[in-house]
Amino acid sequence: MELRELLNEEQVQAVMHKEGPLLILAGAGSGKTRVITYRLAWLLSEHNVSPENILCVTFTNKAAQEMKSRARKVAGKKVDKVWMSTFHSFGVRVLRLHAELLGYDKNFTIYDQEDRERLLKECMHDAKVSDKEMKVYDCMRYIQDAKNSLITPAEYMNDYGTEYEKGMVARIYEIYEKRLKRNNSMDFDDLIWKPLDLFNNNPAVLEKYREQFQYIMIDEYQDINHAQYMLISMMASKYKNICVVGDDDQSIYRFRGADITNILNFEEDYPDAKVIRLERNYRSTQTILKAAHKVIQNNSDRKEKEMWTDNDKGEKIIFYYVDDEVMEGEAILNEIDKLMRLHGADLKDIAIFYRTNAQSRSIEDRLRRAGLPYKLVGGFSFYGRMEIKDMLSYMRIIANPRDVISFKRIVNVPPRGISDTTVEKVEQFAFQNDITLLEALGRTQETENIKPMVKQSCSQLHALLTGLAINRNNMKLRDLMAEILTGTGYISFWENDQNPKAKERIENVKELVSAVAEFEEEKKDATLEDFLSQVALISEVDKLDENADAVTLMTIHSAKGLEFDNVFIAGMDEKIFPHKNCIEEEGGIEEERRLAYVGITRARKRLYLLSAISRRQFGARTLGAISRFINEIPEEYLHHKGRPPAKQLDEKLSGAVHDMGIDAQPNYEATDAEPAVMQLEPGDKVSHIKMGEGIITKIEPYGDDYRITVMFKKNGRKELSAKYAGLAKI
DNA sequence: TACCTATCGGTTTTT
DNA sequence: CCGATAGGTA
Ligand SMILES: Nc1ncnc2c1ncn2[C@@H]1O[C@H](COP(=O)(O)OP(=O)(O)OP(=O)(O)O)[C@@H](O)[C@H]1O
């Protein structure tokens with residue numbers, strides 16, 4: 001491998017640094033990820049380090065995969081034996097091996113956000129805290145913060161027991177931890193903390209991993225939390241060959257415990273650390289790079305970086321000021337159209353970012369009507385759907401019969417006459433006899449006050465689940481799924497449902513069956529636990545297929561680490577971005593600004609920022625203001641489009657919109673409807689590539705486009721865009 | 001026990 | 001505006 005052909009001098013230095021702590025602190029697009037990828041390959045191929053002795057931690061599973069496949073091209077198949085994963089996947093891997101030492105079974109369940117809230121609700125009930133006194137969500141945040149900082153329930157009680165709100169949290173927290181353990185379950189935070197406990201209580205195990213991981217590399221180090229920091233420090237303390245890579249300006253996960261001081265203090269933690277700074281940006285145009293730098297310079301407590309690039313100056317950043325969220329979608333669509341026509345852009349090179357998932361909706365609506373394909377990252381995930389979670393709960397119960405949360409979820413789904421009060425009685429019985437809920441379900445004969453019919457229902461479910469639990473190791477996963485479906489009648493349950501969504505639910509369940517089959521195909525001796533862990537830990541970006549020919553829609557958080565030729569950031573409004581909840585918060589604005597910096601620096605060639613005069617929120621229309629981050633970008637880098645800024649109110653009132661002479665100003669371009677070419681009329685017969693033939697019933701103007709209503713022979717009434725639907729007159 | 005409707009309130013971001 | 005949920009009714 002000839003490093004100098006692939007990397008610049010500083011990058012080469014970083015790659016060749018073999019022993020001792022190394023910090024690569026550098027701005028966006030400077031090739032940090034590229035450096036650790038090649039460093040990994042270099043260690044394997046030039047120094048012949050055994051792959052088992054290397055631990056690589058990335059931020060997403062996808063990043064891990066990518067790094068693996070890049071390194072594989074240089075270092076070959078060895079790479080597959082490197083421990084490469086996210087912190088959470090690493091935790092699971094270690095815990096599945098040593099769970100017994102912590103008093104858990106290997107088959108523990110991983111609770112996601114929803115499970116966690118369900119459990120917490122029970123705990124709040126037991127602690128006699130009503131959800132009027134404290135919101136479940138708030139309580140969860142407190143507990144999550146505590147766990148990320150490694151504060152035990154006892155310590156929490158000690159520190160905050162006398163406070164009103166936190167005192168309640170302390171009581172709930174204690175119950176919550178006990179329940180998790182009793183359920184043989186772990187939440188996301190446990191996946192980091194429990195391995196630490198394991199190491200602390202079992203010096204021999206710690207020694208084994210310390211000895212094993214002679215080389216440790218961590219990407220996105222600015223976003224690790226205290227627990228993760230402790231875990232890594234512990235494992236690295238023997239060889240100290242720890243290479244961390246990050247950018248303090250890109251720390252955007254404080255809400256889940258990320259602590260920027262971890263990266264800022266690295267040199268104190270390892271006084272002999274070598275520090276390498278990368279100052280050349282390979283990603284963006286000069287304009288984008290400079291604008292991003294100007295924005296982030298408004299933060300204090302950061303390490304200043306002098307970035308430069310050899311790339312072209314590029315085009316100005318387009319700032320689009322539009323009337324509302326509908327016009328925002330319209331503007332984006334117009335620009336995408338231009339990108340494709342004028343610059344031959346591929347849809348896969350275009351991304352639309354926003355601060356909150358809810359914002360995707362108006363944009364999606366517009367793209368969908370235009371028939372423009374898009375990939376949505378996040379929002380309602382497949383695995384979050386009710387029917388999918390039901391099926392997964394059945395699987396989880398079979399894997400881990402102590403999982404009370406999953407048990408309660410499915411005990412009466414489909415309805416089988418087992419009501420909440422019955423469940424309470426079964427729970428009581430289980431508690432008295434020190435058996436699991438599932439076992440108790442099989443012994444309802446010994447209880448009173450349950451109707452015979454209901455008892456029979458209980459026994460049936462018990463027989464089904466225990467039967468499958470016993471046989472599950474002799475069964476293929478897909479057969480297990482099939483047994484669950486037939487045994488519970490889950491499909492017919494939805495078939496009998498009148499709701500129009502029921503059909504889709506059945507489709508989703510079928511899709512899950514194929515996902516299971518596919519998983520089994522790929523991993524030959526995959527266990528049920530493997531499948532369930534994978535589902536629990538898969539992130540939204542992991543599922544993204546970057547080669548699919550479609551526009552990408554995602555939050556800026558999800559976009560971290562990615563890059564696109566053309567980037568749109570919608571909702572550059574004060575109170576949206578920066579978000580209203582962050583404005584008052586200590587350090588909130590700075591975190592939002594870092595987020596803005598991350599968003600801007602994803603763009604390679606072109607950047608579009610959009611803001612709206614007013615938006616629909618909770619049904620009502622609310623006026624907004626342009627985000628302060630826009631004002632932090634020097635005028636010289638901006639090209640304005642849409643409504644002229646600042647005067648929006650007068651304009652609205654006077655009704656005068658155009659002819660304000662704004663075109664005369666160099667950076668302004670008053671844009672508005674350039675009507676689309678229109679040769680169609682109501683009554684015309686048309687054909688559509690997917691919908692088939694139909695008759696136009698209505699045409700109405702829509703921005704610079706027209707909205708055409710067509711009655712299709714096969715598919716009924718549909719609304720289409722004149723520009724994009726590609727209707728042909730026949 | 002199951003299902004329907006009136007009421008309330010609003011999760012920012014994610015493993 | 002839309003979804004979750006409590007509370008009443010069949
Ligand atoms: N020496 C180099 N020669 C050519 N291209 C490079 C070089 N270094 C990095 N690049 C390219 O620059 C882009 C950014 O690199 P990379 O993603 O590694 O940066 P990063 O510092 O991790 O970015 P960020 O922190 O913004 O996620 C990539 O497309 C990468 O291939």
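If you're wondering where the values come from, they're calculated on a predicted model, not measured in any experiment. Sequence lines set the chain letters: A, B, ... in the order given, protein chains first and strands last, and positions in each chain run from 1.
A/V245 pairs in a side chain to side chain contact (heavy atoms under 4.5 Å, CB included) with only one of the listed residues (A/D219, A/T33, A/I218), which is A/D219. With respect to A/N107, the side chain to side chain donor-acceptor pair (under 3.5 Å) criterion is satisfied by exactly one of A/T527, A/N400, A/N184: A/N184.
Side-chain contact check for A/R621 and A/S614: at least one donor-acceptor pair (N or O, by modelled atom type) lies under 3.5 Å.
As rounded to whole Å, 12 Å separates atom C1' of B/dA2 from atom CG of A/D420.
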Letter per nucleotide, 5' to 3', of nucleotides 7-15 of chain B [B base touched, S only sugar-phosphate touched, - untouched; heavy atoms, 4.0 Å]: ---BBBBBB
Nucleotide-resolved protein contact map, nucleotides 5-10 of chain C, B/S/- at heavy-atom distance under 4.0 Å: S-----
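Using atom P as the reference point in both B/dT13 and C/dA4, the two lie 15 Å apart (nearest Å).
With hydrogens and angles ignored, the 3.5 Å screen pairs no side-chain donor or acceptor of A/T261 with any backbone N or O of A/L264.
Ion pair A/E592/A/R355 flagged as a salt bridge, since at least one NZ, NE, NH1 or NH2 atom sits closer than 4.0 Å to an Asp/Glu carboxylate oxygen. The pair A/E529-A/K106 does not meet the salt-bridge criterion, since no charged nitrogen lies less than 4.0 angstrom from a carboxylate oxygen.
Using a 4.0 Å heavy-atom cutoff across all strands shown, A/D112 reaches no nucleic acid atom at all.
Taking the ring centre of A/F59 as origin, the terminal cationic atom of A/K560 falls inside the region bounded by 6.0 Å and 45° from the ring axis. With A/F108 as the aromatic partner, A/R96 meets the cation-pi criteria of under 6.0 angstrom to the ring centre and within 45 degrees of the ring axis.
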